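Residue numbers run from 1 in the order of the sequence given. Since the model is a prediction, treat every value here as computed from it, not as a measurement.
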Amino acid sequence: MTNGYEVLLERNQGELSLFHQSRDLEMKYQYDIAIRKYREFIQMNQNQTEQAEVIEEASAGYYRCLQCSGNWKDVLTTPTQSAATLFHSSQLLYWKMEGCWRECDWILLKKEIEEFEWLWKNQHEKTAVEDHSSEKWLFHERELEDNQFEFTYYLSKLLL
């Protein structure tokens, strides 16, 4: 079944958008090429507000590919987008925390933990402009109330 899916993906590559090409390359574990395609897509669409969710998903795919390919230095130097949602910003900070311990950069790890904690303490300010009826916002509000962070956060605190 997987081989059939790959054949279909390869036949339709010319018809797929840059975003979908990137996703397909990521699914095929071709991270280096997917990183380039995601970066190109993000740069081409960074000023388009109507595609904010697609750009956010492309950014997440870009970070996943960096992580899976072991490009921890690139993860650590990736700037946080000011328009990113709480979930997106948190996910990037989780990846940066992991990158810090993989690179043994304990000073930067402390900074990333502090930034993460600041983000969660001030999340109401950050999400005040978002649509509060959206499922994404409700899910993350519930996560905040339960104080359930990813294992990466707790391990980072333990390592410090």
Side-chain angles (χ1 to χ4, degrees), residues 2 5-6 8-100 111-153 156:
T2 305
Y5 180 67
E6 286 184 10
L8 287 174
L9 290 176
E10 289 169 4
R11 281 188 198 156
N12 297 326
Q13 279 300 326
E15 300 171 17
L16 295 176
S17 70
L18 192 56
F19 172 74
H20 288 96
Q21 289 176 28
S22 305
R23 292 288 303 248
D24 292 346
L25 289 164
E26 180 182 357
M27 289 179 1
K28 291 179 178 181
Y29 307 110
Q30 296 178 356
Y31 300 119
D32 293 334
I33 302 168
I35 287 169
R36 287 195 309 258
K37 296 246 184 210
Y38 275 130
R39 189 180 304 134
E40 183 181 342
F41 175 80
I42 293 165
Q43 288 172 348
M44 285 175 40
N45 296 293
Q46 64 187 3
N47 296 326
Q48 295 184 9
T49 56
E50 64 273 356
Q51 289 192 10
E53 288 185 17
V54 176
I55 294 168
E56 186 174 308
E57 180 60 32
S59 296
Y62 173 73
Y63 303 136
R64 278 192 308 271
C65 289
L66 287 175
Q67 180 186 30
C68 291
S69 64
N71 291 329
W72 296 107
K73 289 192 186 292
D74 289 342
V75 170
L76 294 175
T77 58
T78 301
T80 306
Q81 297 174 347
S82 60
T85 63
L86 177 64
F87 174 75
H88 182 72
S89 298
S90 298
Q91 192 60 55
L92 176 58
L93 288 168
Y94 284 136
W95 286 325
K96 285 186 172 198
M97 283 184 242
E98 183 177 353
C100 288
K111 178 185 166 279
E112 297 299 342
I113 289 173
E114 288 170 355
E115 185 174 341
F116 177 81
E117 290 170 345
W118 180 90
L119 178 69
W120 277 92
K121 285 178 187 172
N122 297 297
Q123 70 89 23
H124 289 292
E125 292 175 21
K126 187 148 181 74
T127 58
V129 294
E130 291 184 22
D131 178 16
H132 293 289
S133 63
S134 76
E135 188 175 318
K136 188 184 274 188
W137 188 85
L138 290 172
F139 171 76
H140 296 295
E141 180 67 21
R142 193 172 345 108
E143 184 177 328
L144 176 64
E145 289 172 2
D146 294 341
N147 284 328
Q148 295 178 357
F149 302 124
E150 284 189 13
F151 178 71
T152 305
Y153 170 75
S156 296

Between atom [atom1] of [X] and atom [atom2] of [Y], what is the distance when rounded to the nearest 0.5 Å?
| X | Y | atom1 | atom2 | value |
| --- | --- | --- | --- | --- |
| Phe116 | Phe149 | CZ | CZ | 5.0 Å |
| Phe41 | His20 | CZ | NE2 | 9.0 Å |
| Ser69 | Asp32 | OG | CG | 5.5 Å |
| Asp24 | Gln21 | CG | CD | 8.0 Å |
| Phe19 | Asn45 | CZ | CG | 10.5 Å |
| Ile35 | Glu40 | CD1 | CD | 14.0 Å |

Do [X] and [Y] come close enough that some side-chain heavy atom pair is under 4.5 Å?
| X | Y | value |
| --- | --- | --- |
| Trp72 | Glu98 | yes |
| Tyr38 | Arg64 | yes |
| Glu115 | Lys111 | yes |

May I ask you to check whether Tyr153 and Glu117 show a side-chain donor-acceptor distance below 3.5 Å?
yes

Nearest non-hydrogen partners of [X] and [Y], listed with the distance:
| X | Y | result |
| --- | --- | --- |
| Gln67 | Val75 | N-CG2, 4.3 Å |
| Ala34 | Leu25 | CB-CB, 3.8 Å |
| Tyr94 | Glu150 | OH-N, 3.0 Å |
| Thr152 | Met97 | CG2-CB, 4.0 Å |

Exam field: side chain Tyr63 to backbone Trp95, donor-acceptor pair closer than 3.5 Å
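Not at all, since once roles are kept as given, no pair shorter than 3.5 Å links the two residues.
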
Should Lys37 and Glu26 count as an ion pair when the cut-off is N to O under 4.0 Å?
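A salt bridge is absent here (no side-chain N lies under 4.0 Å from a carboxylate O).
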
